[in-house]
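I have placed the structure first, in the form of structure tokens, so that the comments after it can refer back to it.
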Protein chains: 2
Amino acid sequence: MKSLSDHVPSRVIIEGVDPEIDGGRFPIKRAVGEDVEVEADIHTDGHEVLAATLKYRPEGTGEWSEVRMTPLGNDRWSASFPVHEQRWHEYALEAWIDTFATWRRDLQKKAEAQQDVTSELLEGAAFIRKTAKRAGDDGDWLRGHADIIDRGDQQLGVEAALDETLATVMARHGDRTFGHRYERVLRVWVDRVRARFASWYELFPRSTADEPGRHGTFRDVEKRLPYVAEMGFDILYLPPIHPIGRAFRKGPNNTLTPGPDDPGSPWAIGGAEGGHKAIHPDLGDFDDFDRLLESAKTHDLEIALDIAFQCSPDHPYVKEHPQWFKHRPDGTIKYAENPPKKYQDIYPLDFECEDWRALWEELLSVVMFWADRGVKVFRVDNPHTKPFRFWEWLIANVQKTHPDAIFLSEAFTRPKVMKYLAKSGFTQSYTYFTWRNTKWEIEDYFTELNQTSVREYMRPNLFANTPDILPEYLQTGDEAGFRIRYILAATLGATYGIYGPTYENFERAPIKAGAEEYLDSEKYQLRHWDWDRPNVFRELIALVNGIRKENPALQFDHRLRFYPTDNERIVCYGKTTPGYSNIIVTVVNVDPYHPQSGHIKLPLHVFGLNVDDAYQVQDLLTGAHFLWHGESNFVSLDPRGVPAHVLRLRKKARTERDFDYFM
Amino acid sequence: MKSLSDHVPSRVIIEGVDPEIDGGRFPIKRAVGEDVEVEADIHTDGHEVLAATLKYRPEGTGEWSEVRMTPLGNDRWSASFPVHEQRWHEYALEAWIDTFATWRRDLQKKAEAQQDVTSELLEGAAFIRKTAKRAGDDGDWLRGHADIIDRGDQQLGVEAALDETLATVMARHGDRTFGHRYERVLRVWVDRVRARFASWYELFPRSTADEPGRHGTFRDVEKRLPYVAEMGFDILYLPPIHPIGRAFRKGPNNTLTPGPDDPGSPWAIGGAEGGHKAIHPDLGDFDDFDRLLESAKTHDLEIALDIAFQCSPDHPYVKEHPQWFKHRPDGTIKYAENPPKKYQDIYPLDFECEDWRALWEELLSVVMFWADRGVKVFRVDNPHTKPFRFWEWLIANVQKTHPDAIFLSEAFTRPKVMKYLAKSGFTQSYTYFTWRNTKWEIEDYFTELNQTSVREYMRPNLFANTPDILPEYLQTGDEAGFRIRYILAATLGATYGIYGPTYENFERAPIKAGAEEYLDSEKYQLRHWDWDRPNVFRELIALVNGIRKENPALQFDHRLRFYPTDNERIVCYGKTTPGYSNIIVTVVNVDPYHPQSGHIKLPLHVFGLNVDDAYQVQDLLTGAHFLWHGESNFVSLDPRGVPAHVLRLRKKARTERDFDYFM
């Protein structure tokens with residue numbers, strides 16, 4: 001600031017605004033019904049009283065709504081606003097010197113010190129009269145009040161000046177002439193609740209046939225809907241359903257010599273029958289697909305599709321738009337590589353080709369095609385091998401028409417790339433949860449996800465396994481390992497997923513030692529599952545998904561907190577609702593081999609429980625009730641049984657008549 | 001990003017740039033000769049090799065200089081550049097996909113796997129020929145190299161392709177077409193070294209007369225220069241030297257009933273003799289003042305003046321520009337207040353008055369007046385009661401003409417206000433050091449100052465006392481307290497100050513119990529000091545200031561680190577130069593009453609010392625040499641003597657011939 005402006009600059013400073021991602025470059029995310037809590041440092045030179053408001057509105061609407069900010073101490077202020085619509089919202093901050101409140105405070109101090117305040121009363125009355133001119137209906141009342149203040153009776157004048165109603169009315173018409181608007185208007189993208197809270201189940205449609213050896217169809221998937229719904233899942237995610245290329249098709253166990261009937265990988269998209277807007281003929285037709293979508297709804301299930309922007313050599317794009325691919329000096333199209341590895345069944349798209357605009361528009365039209373057809377949840381394959389700004393553009397455009405569209409980023413890659421995809425618009429993200437097994441790893445990672453600014457833009461979706469990842473922990477941890485990882489996923493994350501039926505059937509043979517690839521992976525061959533086999537794990541899954549639906553604390557992530565235990569194999573954490581009306585404490589033995597026991601220590605004072613009072617604890621997994629006293633309690637967990645407690649804490653009621661009753 | 005741009009957006013992301021203050025709103029600060037180390041997260045989708053440069057230049061000059069950034073792992077990159085001129089500099093970041101390096105890396109992997117790379121060699125040669133077109137003098141060499149690469153001999157081609165010189169030449173002409181420039185150009189203000197490293201001494205000129213009762217003059221101050229210089233100070237700061245008002249003049253000990261000869265507070269600026277551009281007649285005239293400035297130089301001392309933008313009721317501005325003050329309804333000018341306290345000898349200026357532009361320009365002209373006269377160091381009184389943006393404008397304008405001007409912010413106020421003043425341009429800042437006495441307080445506060453982003457814009461100036469602040473610790477800590485606080489100030493801070501001669505004479509009587517105000521404060525009366533009295537404390541001060549000048553480690557703040565001790569009264573910290581050529585470890589007993597002893601633990605591995613080797617330790621305060629072994633060593637400090645060690649560590653030389661010699 002080297003030259004002076006036309007108007008005297010405001011003396012008020014607004015800085016340190018939180019949440020604000022990268023100086024406002026990216027929006028924060030919320031779901032319908034949530035609050036946006038905003039804090040900022042607001043201060044000025046001198047000692048005058050400040051006033052501040054948080055302003056907010058659905059983007060593109062006219063008037064701002066306002067809520068007064070409250071000082072928290074140390075020049076930090078806070079306020080929050082709710083969001084109710086699936087759309088963009090914006091928020092802004094404004095602060096000003098509250099001349100009237102400053103005058104009132106100083107007058108009070110002087111009056112208490114018995115000083116002569118004649119001049120102060122004259123000054124205040126004049127200020128009130130000035131305010132009255134723009135105070136509309138309040139004008140007359142203010143003028144009348146001013147007349148009392150400077151009538152000449154000092155005691156009466158001070159009384160009138162300090163009148164609470166006057167303070168309220170004057171605050172309503174505060175003079176913001178010298179006020180300051182925060183330099184940036186910040187944005188919130190508001191999703192539906194499903195974006196934050198959901199249980200995902202992944203299934204290969206072609207493995208859903210009743211009888212072994214037959215290619216499953218959408219009709220078969222329909223028959224499996226009760227199986228999935230009974231376990232309490234919300235989203236049924238299908239790998240790509242498009243025609244599969246023949247050129248360089250992969251055989252069982254990722255071999256290069258497939259037989260004529262081997263189905264190939266669903267991610268080798270595109271064949272003579274069509275590309276990303278076509279359905280694999282062996283799965284059925286669009287009528288079957290539409291029926292599946294409708295049928296899923298009747299089971300409270302939503303179908304999610306896979307978006308994998310890559311092509312098999314047989315994809316129609318290859319002939320119709322060869323300019324969308326990279327070429328060798330001899331004119332042939334380059335296949336995917338990670339030297340020295342070659343992926344000859346896959347042609348990557350060239351997002352920077354000269355014809356990039358047409359390519360980008362075509363890919364947008366692919367997502368719009370399925371969204372218009374009723375699919376609103378997309379799991380995006382390897383987004384980290386396509387430009388960030390492509391996704392930012394695509395997602396914003398899809399959500400313009402379909403604000404209920406959900407995009408899950410399948411980026412298992414470097415931390416900053418994963419975060420940048422989330423910033424760029426992905427609704428939710430795969431995480432490193434899949435490899436975080438020890439108590440320390442879990443605490444460290446989830447603290448980063450939920451207690452840093454990452455939480456404002458990245459929603460974790462905790463997949464315990466995927467068709468690409470059979471984690472070593474599951475390979476070696478016996479059936480107990482599956483139960484442990486399942487309970488962790490479902491209680492650490494408001495959104496989580498499993499790839500079944502491998503998961504509930506404890507499939508854990510890798511293709512070779514040291515690999516995370518499944519043996520006889522469904523990616524390369526049909527599998528057959530016995531859908532009717534009794535399975536107590538499915539009952540546990542159903543139970544946990546039911547607990548998640550009944551307990552709002554488990555439907556949010558930000559309030560996850562870890563509690564101390566004296567056993568390094570026992571992890572303990574709580575999720576709570578604001579006000580602590582719902583308190584869920586989960587205790588997990590992360591050792592799949594041995595029973596573990598120890599003490600957990602709960603922050604009763606934080607929960608609003610008196611350390612000396614008893615409180616009721618119900619294990620929602622077993623139904624058992626305990627009456628606990630004090631912060632420290634003993635737990636013992638055997639991985640051969642249920643390796644966890646999912647405890648609901650209730651305050652003991654206070655009256656004698658409610659002797660045995662817990663709220 | 002909802003619509004597509006003309007050019008395909010860059011795939012490269014630059015984020016998390018450090019240092020960057022508030023999204024580039026404020027500059028960072030450096031002194032001449034320092035480096036600016038810049039880090040950033042730089043990444044892209046996919047797996048290509050990136051290249052990045054840090055660009056920098058003195059602001060307003062043409063060409064950018066560039067330095068290549070180095071990856072640190074986890075997508076973090078770093079580089080640094082030096083600043084050599086007192087002026088604004090700017091820096092920017094640019095990154096791009098390094099097509100050639102990517103091709104080279106992949107070719108190497110394929111060649112090592114014995115794959116056919118005919119196509120790759122053709123492609124690379126073509127790319128080199130394309131580069132050759134814009135490679136100037138390197139063009140022919142590149143074309144020749146390309147001819148070898150695609151001649152048809154695969155082994156020869158690969159060898160030529162992997163040639164190191166080729167990599168260097170290609171890097172020189174890297175294709176940045178799809179590169180990305182970081183959105184913001186960031187700024188550095190570069191001061192002279194004195195802004196970072198100096199010892200300040202504050203003195204009331206009117207108390208410098210030889211004989212008691214006479215008003216000291218600039219000629220008397222001249223006589224005191226050897227006294228100050230012998231203690232090794234660099235800056236001699238004088239409270240306001242202007243005429244003092246008579247109206248409501250304060251008497252001794254802040255009384256309201258002064259006698260006719262009481263001199264009044266120097267901060268009640270302005271009288272019949274003039275205002276902020278005048279000199280108090282009892283001090284001398286401008287010739288005397290100019291002589292003092294010159295004379296100070298011969299003692300390696302620089303004179304600092306006080307800028308206190310407030311007026312006594314007798315200030316010429318009051319009559320000439322009544323519109324620059326606030327008025328009561330009866331037309332009289334308001335004096336300063338902190339209700340119910342009244343400061344009737346001070347009229348604050350109204351920085352938001354209608355005539356604010358003229359007022360601001362006049363105040364700027366005050367600083368320019370003294371700067372043009374040769375004063376380049378200003379201690380600014382209570383800047384936190386004037387608008388931040390006024391200071392930002394004033395300082396920037398003064399430094400346009402006087403880049404060597406130094407502004408010290410005397411803001412003892414709330415933390416965020418102090419920081420914002422520093423952001424707004426103040427060269428250095430008073431701190432809470434004055435009240436940080438315990439080990440925990442000192443460690444916590446200096447960690448905040450030196451190891452967070454605060455260090456980029458706020459330079460601490462550690463005053464141990466001021467005319468307004470006789471800290472309780474000094475009141476009650478006996479003479480030992482003065483020594484302890486002095487050594488802490490001079491070794492914790494590259495810049496520090498004391499208000500003397502009170503300090504070296506252990507003045508510690510407060511005006512009343514519980515107050516920080518001095519009894520018989522020089523603010524309200526003349527004092528007389530015996531300048532010739534022998535005083536061992538002055539020798540200690542001279543010794544410490546000498547140590548500071550000889551040891552570059554003590555001339556910087558950012559590398560201050562605290563080390564563990566097993567006694568809560570013993571604080572231990574080190575300052576080091578990069579490369580650890582100068583290692584100063586200070587150990588202080590912060591208990592002024594009792595001897596304390598215990599073990600300190602030094603991070604020898606950080607210093608580059610082998611834990612098993614002996615190292616030489618010299619106590620620079622006593623001259624004593626020790627040969628220490630291991631990380632943990634015993635110290636014992638008696639506050640009645642020297643309450644600290646200031647240790648210089650030296651590596652033991654490695655050769656037998658240098659048996660007794662330490663580098």
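Within every chain, numbering begins at 1; the chains are lettered A, B, ... in the order of the sequence lines, protein sequences first and strands thereafter. As a basis for the values below, the full set of heavy atoms in this structure was taken, side chains included, without hydrogen atoms, waters or symmetry mates.
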### Side chain B:E15, main chain A:D22, donor-acceptor under 3.5 Å
no

### Message
When you measure from the side chain of A:R357 to the backbone of B:D6, do you find a donor-acceptor pair of N or O atoms at a distance under 3.5 Å?
### Response
yes

### Task
With sequence neighbours excluded, tell me which residues meet side-chain contact (heavy atoms from CB on, under 4.5 Å) with B:D150.
B:L122, B:A125, B:R129

### Message
Please output the residues of residues 39-46 of chain A in contact with chain B, using a heavy-atom cutoff of under 4.5 Å, in numerical order.
### Response
A:D41, A:H43, A:T44, A:D45, A:G46

So for [X], is it side chain, backbone, both, or neither that comes closer than 4.5 Å to the heavy atoms of chain B?
X: A:F178; result: side chain
X: A:E354; result: neither
X: A:N382; result: neither
X: A:K416; result: both
X: A:H384; result: backbone
X: A:Q115; result: side chain

#### Entry: Side-chain heavy-atom pair B:E123, A:K326 within 4.5 angstrom cut-off
no

### Task
Would you sort out whether B:V8 and A:R389 count as a side chain to side chain contact (heavy atoms under 4.5 Å, CB included), showing the intermediate values?
CA-CA 9 Å; B:V8 61; A:R389 294 191 172 90; over 6 Å; no

### Summary
The interface call for B:E112 against chain A, heavy-atom contacts under 4.5 Å, is neither

